[in-house]
Structure formats: C-alpha cells, structure tokens
Amino acid sequence: MTELIQRILPTVQKPARYTGGEFNEIKKDLKDVRVRVAFCFPDTYEIGMSNVGMRILYGVMNQMEGVWCERVFAPWGDMEQAMRTHGLPLWALESQSPVRDFDMIAFTIGYEMSYSNILNMLSLAKVPLHSADRHDLKNIVFAGGVCAFNPEPLADYIDFFALGEGEDITLEIINLYDKAKAESWSKDAFLLEVSKIPGIYVPSFYDHQYNDDGTLKAIVPRNGAPEKITKRIIEDLDNAYWPTKMIVPSTEIVHDRANLEVFRGCIRGCRFCQAGFSCRPVRRKSADVLYRQAVDMLTDSGNNEITLSSLSTSDYRQLKELTDELIPYCAQNKINLSVPSLRADNFSRELMEKLQTVRKSGLTFAPEAGTQRLRDVINKNLTEEEILTTCTNAFSGGWNNVKLYFMLGLPTETDEDVLGIADLVYKIIKAWKEHAVNKKRGLRVHVATAYFVPKPHTPFQWEQQIQPEEYLRRCKLLKEHFYSKSIEYNYHAPDLSRLEAVMARGDRRLGPVIEAAARRGARLDGWDEYFRFDLWQDAFAECGVDMSFYTTRGYGEDELLPWDPMDVGVTKKFLLRERKRAYEATITPDCREGCAGCGANQLLKEVACDA
C-alpha cells in the first residue's frame, strides 16, 4: 500500500473498504501473470462483496493459469474527494495497482442506477471514457450482468458485453485476449474475433437508425456480427464452479454471511419480473452437492449464518431433504440457517419452526397487488385465501411481524385495486386477532409500495409507466385508508424509479445524458445520501432528451426495441401472448403444471428444464 493511501485512510469512513488483505483473497506473483483483470463492481465494497456472481467469477478467473483477477469497488464520497484532491487514481484491492495498469477492465452490472458509477470509476481510474478513445489492446472494457440484456445506454463506453451466465464465456474471452496479447493484435482485430464468441455483443459493430418520431428504424450489423446474440447458460450446476473458499470481508457488508445458490431460473412467470424471464430455464443443484458446499463454505470461512438463495427458494424441489441435513449441522455448530424468497402459497410452518427454534423473526411476502383480479393480471398465481392461510398459520405459531411488498402503477390498475391493498392488510390484522398465540407482543404489519418499472424481456416491456404525480396520488389514497396503529407504511419516491425506467428501456441516445450527469456529480445514485434528481434533469435538458419518451409514452408492439438483438431464450411471440393474457386477467400456470412454450428450453443441449 502506498504511503499516500496510508495517510488518507484514517480520514475516511470505513477504511477497510479500500485496503484488501482479507482472508482468502487471491494474490499472485506478477512474473507469473500474463493477463491482469480489474473486476469492477459499480457500487461500494459492502454491496459488491455481497454479490454472489462477483464471487463466482473472481474464483473462475483466478483458477486460470497466468491470469490474475483483482477486485475494484466504487469509493464512498469522502474517499473520492480525497482521491481527486491528491490525484490518486482508482486502484485494485489485492495489489493496490492503479486500474489503468490492467489489461482488461470488467464490470458486472445488476442495477440501472449504477450507470453513473461506471463512468465515474473510469474517470477516477484515468481511463478514457469512450470506447472509441481507447485505441490499444490495453484497458479493454467489457461488462456483463442482467443490465447487459439492454446494453444500449452504455454502448459508447463499453467495448463489448457478455450476455448470460459467465462461468464459461469469461474463460473464452480471457483465453482469446491472452492469445491476442501474445501475438500483438490490434484492438480492432481482437473485437472482431471476440464478436464470434457466442453470447458476445460488440456495440460498435451495429448501426442504429431512427425514424422522424424518434423510434428505432433499423439496427444494422457490420463486420459479420450476428443479428441475434443469444445468452449463455450453465446447464450442469452440480459440476459448475462454486466459491467454497469465500473471501471473508474485513468490514461489515450488506449480506455478511455465506450464500448458497440452490437453483437458477424461476418456474413462476410473474409478468413484471425481468429476472424471472431472463434467467430461464430452471436448473437446480442436487441436495447432496449443496450440503457439501455449505459445510465447506462454513468450515473455511467461520461464518455463523448461511442463506439458501434463489429467485424463489421455496420452489426448490429438494428443500426438505437439504434442510433435513443442514439443520442438525447448523444447530450443532450454532449457525443460523435462513431461507428467504418464500412464497405464501407454499409456506411451510414446519420448516420455519425448525429454522427458528430460538427467536421467530418476521415473515416477508410479496403479494404485489391487493385484488385477485390484478394478481391475475400480473400472473402472481397467489390467492387471497393462500395469503390469509399462511398468515394464520404463522400467527398461530407465534409470529407477530409481517412485511408485505406491493407495486403501484401496474397495468390496468384502478383505485379499487389500490384500496384492495388496505382491505387485504386489515384481513391479515383480523387473522392475527383471531389466531395469534402471543398477543402481548402486539402485531406489526410493514407495508411497502414501489413505483412499477416496465423492464425489457418481460410481457410488460411495452407498457406505459404512470405519471409520477399519479403514482403519488395513489400512495396518498392508500395511506389515507390505513387507520390501524399496527401498520407501518413506506413508499418509494418516484424520481429514482422514473429514472430507472428510462435507463431500463433506453437506447444509445442516453449515453451523452449519463456522461453529462456524471460530469455534474451524479454518482452512487442507488443511495439516498447521494441521489440528486436535479442533476439528471439538467443532463437531459442539456442533451435535448425527453424522459417521457422512455416512460409514459409506452412502446408499440410492432416497434423495433433497442434490446431486440439480445436473445434471452424467451420468444417475443410468447411475451406478446402473455401480455394479451394479462389484459384478459388470465393466469398462465407455472412450469411444473405444464410447459407454456416460452422457448427457453431451446437453450438446453443435453438436459430438459429442471422445473
């Protein structure tokens, strides 16, 4: 660590964010390294170190002979100020080397509101922002993650995107770069060859043409680039790499525990959920593999908590077998086992009793909508009876805390649907009064509503986002109908969700807007302490871009969409059919009741969807 960094660290919050040196971090001798990768997470250390995907790819790359992958995180405001004051460039944790010294700079992008962080990190690293201004093979910038499924807002800045799951495609990218570096290729030659790897999208190989009304007219590939880029998946999760020797953080992080991924994909098909469609098809790990991985992780790291994670953990077929093995091990070793992502229609009181023998924590469910009609519109496949039965079982088992998450602004939503949330909450309170066995502690019902954001690759990708004023009116309407002191109600401010919708469905014309906002000081937009909507408003005005074009306008079903070249496996024909069924308030059963023909099975070469 340099003397300058040592002098700065005592003056900033949480200096351990910037030091590295954690147990299980990977260090290599530079004389044995041919390719250096700066693996950047565009948010703070405590967010990035909680990201399972980053842990996986860090291990995958460092298993490669001659390759050293190091971690880089966005600094908090106080550290950034000190870095800019002293001319200190952004560095990687393992070696404290400046990011600009690395061959490749990789970003994992899971949230649209991190786009300004990407530009800010490149600026702090003193690396040219624009792909066109980075002429050499050094500092190749590439990115992956769920936001890569619509990469266009970042097309000016990222050399190429990797679509889908990264375990295999990352190896292919780095092996090609290793060859290119050894043979002194030009950057153009490397980009041409990397574009031939399935799942790679090189934005500079595609020309975007627009109609007079601002909609896309054509996307024209050049240099032999494919018209469709199909995401990559891992079929056999049992034999895929898993980081059992996890880095143990030196300071508290958001998810300060071991995380065990039980399966990928989702059987449900909620029509608003991007992850539920873009992560298909379902593939699971076997219970015996998961048990071994859990024990290895806990033994090596010394963690006293482990979480079973997935999009809907209670849908894992072997959950009982896995927990029957894990619970005795965890009890014997005083380890807390948590199972989040539970659904109200398959909640198991027996399982929760086993998991929480000492203290009953709160229950969290996401009905998303207050009326059955609207839950059918969004294909939640959840009835009021199931919600109330689940709460009744919980209350009779000693639970007194319930968190409920809803969205406002969903397609076809009316005031009756909004008030249906209040009605459902009061029915839950009534169930507690009638069935609770521990009434002395009282009941707390935490209700949160979010502003609906239409996302690409979902049946609602064409929908209008309601006006911010209308969203706030619905929040006020709901709040006015919460009379009980047992209810705590919170709602998200609309500005952030409005901007998220712009970035989620945006095109290349947003690139200059992001740059203008970052130049004005936009960064860490996912943090209330730093988000400033006025900076973004000024940036849109400067660039002559209308936010409503991407939000309240909606998109036509026959309109060419910026993300159309990205193939997540689910066909547009299926999404359109699901949209039609939404407006008919018709549900589509989950994958276990029968294949709905979404198309994702075509991504599997050797095995069927493991729903």
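Note that these values count all heavy atoms, side chains included, but never hydrogens, waters or copies made by symmetry.
Salt-bridge formation is detected for the pair E165/R264: a Lys NZ or Arg NE/NH1/NH2 atom is positioned less than 4.0 Å from an Asp or Glu carboxylate oxygen. R508 has no carboxylate O lying under 4.0 Å from a charged side-chain N of D156, or vice versa, which leaves the two without a salt bridge. Between E152 and R509 there is no salt bridge, since no side-chain nitrogen of the basic residue lies less than 4.0 Å from a carboxylate oxygen of the acidic one. Taking a cutoff of 4.0 Å between a charged side-chain nitrogen and a carboxylate oxygen, E172 and R232 qualify as a salt bridge.
S114 and N117 share no donor-acceptor pair across their side chains, judged by distance under 3.5 Å alone. Side-chain contact annotation: D159 with S131, donor-acceptor N/O pair under 3.5 Å present. Side-chain contact annotation: T230 with D567, donor-acceptor N/O pair under 3.5 Å present. Under 3.5 Å, the side chains of S312 and R268 contain no donor-acceptor pair of N or O atoms.
The environment of Q63 atom CD is dense: over 12 non-hydrogen atoms of other residues, nucleotides or ligands sit within 6.0 angstrom. Remark: E557 CD is packed, more than 12 non-hydrogen atoms of other residues, nucleotides or ligands lying under 6.0 Å away. Annotation for K572: atom NZ counts as buried by contact number, over 12 foreign heavy atoms lying within 6.0 Å.
With respect to M64, the side chain to side chain contact (heavy atoms under 4.5 Å, CB included) criterion is satisfied by exactly one of N62, V67, V60: V67.
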Problem - Step-by-step side chain to side chain donor-acceptor pair (under 3.5 Å) determination, S310 to T313 - result: CA-CA 5 Å; S310 73; T313 304; 3.2 Å; yes
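Here the straight-line distance linking atom CG of D376 with atom CD of E584 works out to 12.0 Å at 0.5 Å rounding. In this structure, SG in C273 is found 6.5 Å from CG in L311, a value given to the nearest 0.5 Å. Rounded to the nearest 0.5 Å, atoms CD1 (I197) and CG (D168) are 11.5 Å apart.
Taking the ring axis of W563 as reference, the NZ or CZ atom of K455 does not stay both within 45° of it and closer than 6.0 Å to the ring centre. Judged by the 6.0 Å and 45° rule, R71 forms a cation-pi pair with Y58.
Listed by first then second residue, pairs satisfying salt bridge (charged side-chain N to carboxylate O under 4.0 Å, His left out) with a partner in residues 193-205 read E193-K196, not counting sequence neighbours.
At a threshold of 4.5 Å between non-hydrogen side-chain atoms, the residues C69 and F39 count as touching. Under the 4.5 Å side-chain criterion, counting only non-hydrogen atoms from C-beta, N303 is not in contact with E305.
Between Y555 and Y550, the ring center distance fails the sub-6.0 Å criterion. A distance of 6.0 Å or more separates the ring centres of F272 and F460.
Annotation for P226 and P221: closest pair O-CB, 4.2 Å, computed over non-hydrogen atoms.
Classified by interplanar angle (parallel below 30°, tilted 30° to 60°, perpendicular above 60°), the ring pair Y471/Y491 is perpendicular. A tilted orientation is assigned to the rings of F277 and F574, their planes being inclined by 30° to 60°. Y45 and F73 have perpendicular rings, their planes meeting at more than 60° on a 0 to 90° scale where under 30° would count as parallel.
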